[in-house]
Amino acid sequence: MTDIGTMRVKSGLAEMLKGGVIMDVTTAEQAKIAEDAGACAVMALERVPSDIRAQGGVARMADPTKIKEMQETVTIPVMAKARIGHFVEAQILEALEVDYIDESEVLTPADEANHINKWNFKVPFVCGAVNLGEALRRISEGAAMIRTKGEAGTGDVVEAVRHMRTIIGEIHHLQTLDEDELFKTAKELSAPYELVRWVAENGKLPVVNFSAGGIATPADAALMMQLGAEGVFVGSGIFKSADPARRAVAIVRATTNYRDPQILAEVSVGLGDAMPGIDAAKMPEELKIQTRGW
Amino acid sequence: MGHSDGKRRRDWILSPEPIPASADVPVVGVLALQGDFREHRVVLGRLGAVTREVRRLDDLADLDGFVIPGGESTTIVKLMHEYALDDGVVALAGAGTPVYGTCAGLITLSRESVEGGAQTLGLIDIVVRRNAFGRQVHSFEADLQMPVLGDAPVRAVFIRAPWIERCGNGVRVLCSLQGHAVAAEQGQVLVTAFHPELTGDTRVHGYFLDKVRAHMAAGGDVVQNVTQLGRGVVR
């Protein structure tokens, strides 16, 4: 019997991406640079997060023409972002046969109460989360991969660190609780009890967890890996830097060798300027993207 | 995490399971540049092997077996070349050490791929088609017969998987699907297009470890008929 679109197949692709770097790209040329640098996948979007921030306006799914060009140019998986709750963008992306859909807070949300019912799709979804409850809600909706949100388009890793430490800390806490307490905790987390229990028993999320939002240097990538990320997304950090091709290679090497300071030092040399950053901690709440998602 | 190995480790009171140091416990390296290397380590560990993550050339020393996991073949092949691990693995296989590759590992070990894009190691005489079953929306799982594992079918998970387009004479096909070979072996080299490491069925890894143990029992001096078939450079 042959089964398509099972959770094992969906989360299985995320397992294959582990230890890798997924790079935001807006054109086929950028996708090629990413693939040549050793990216394990590319993420198609119409503007990188720092441009969305700077230019404002409504941020939508990428132009299908661009996505097709990327699919024809690279052999690594091509992912694409859909707006939160915009299940028709997701239907279109599935029809285009993108390999993963990111239901992303970086784009302007289309629904302020509901996320996409991801069980309705054969294509797998990755979703952002700032804490364990949010991660488990997304998984209960059918997400096959999680990424911590960080604060996209800032080049400031502080929020990525906060979110990763929060989720890992909450998982550690769950492991100290007995069954009686897990019922209450599931309620507090606004997450399904069965998932909460699974996490308590296994000490990890049931799906792969990457880090995103603010990674701009090889050191940032290795930091997130040492904190427990299983791979990293890099958005504006590469194509808004002085030498994208070189920085892309360096971030890939740093992610592979995240525990080897000697290699981290070698790859950090001569990269030119990183993307100009924004201090995320000093940013007004209303400008933060991470609060989108419910 | 890195700092758990340092001076301030706090697990000295309840020390973890001692790693068996016995000479008859196989030490299997798992390529850890990218992909699902952790899952391979878990399965091999369940079967009694000691595993080691391989990222650099010196990690290849004194291995009894070697695994290339699933992942992105383009990425894995590129990173192997950057760290000279391609030559290292060819030398390891040349010394008769059993090698197993799943999915991206199958592509990496093959002679060449029909559509190009990846420079492969040429350790098994097969020509592969990458993403042969289509993009992720066509990924699937299925029950397949693999006679060397006995009568019970193996639950095979195919993720943007390749198939084997053509085999050389020395290659034994172990399992087929839709008329295409999806598992094969040649001497000490075993490949599957699917991912037994994701299913909890340990039989394929058990079959591989049989090769590893036979190699160890022979003192590592098994007469070697794996010859490198020449690097397939395409595109």
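Because the structure is predicted, anything quoted here is derived from the model rather than measured. Just so we're on the same page: letters track the sequence lines, and every chain starts at 1.
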key: Backbone N/O of A/Leu17 and side chain of B/Gln34: donor-acceptor pair under 3.5 Å   = yes

message = Heavy-atom cut-off 4.5 Å, strictly under: side chain, backbone, both or neither for A/Asp260 against chain B?
response = side chain

inquiry  = Would you say B/His195 and A/Glu15 are linked by a side-chain donor-acceptor pair, where the criterion is simply a distance under 3.5 Å?
reply    = no

message = Heavy-atom pairs under 4.5 Å with chain B - which of A/Lys10, A/Lys18, A/Lys122 has more of them than the others?
response = A/Lys18

message = What part of B/Arg160 gets within 4.5 angstrom of chain A, counting heavy atoms only: side chain, backbone, both, or neither?
response = side chain

key: salt_bridge(A/Glu230, B/Arg38) N-O dist < 4.0 Å   = no

Stepwise side chain to side chain contact (heavy atoms under 4.5 Å, CB included) check, A/Arg259 with B/Glu53 = CA-CA 12 Å; A/Arg259 280 181 295 210; B/Glu53 292 185 1; 3.5 Å; yes

key: Gap separating the CD1 atom of A/Ile101 from the CD atom of B/Gln136, nearest 0.5 angstrom   = 11.0 Å

key: B/Asp36 to A/Met16 - nearest heavy-atom pair and separation   = OD2-CE, 3.3 Å

remark   = Honestly, the part of B/Val157 sitting under 4.5 Å from a heavy atom of chain A is side chain

ask   = For B/Leu198, is it the side chain, the backbone, both, or neither that has a heavy atom closer than 4.5 Å to a heavy atom of chain A?
value = both

query = Does the B/Thr74 side chain pair with the main chain of A/Ile76, one donor and one acceptor, at a distance under 3.5 Å?
reply = no

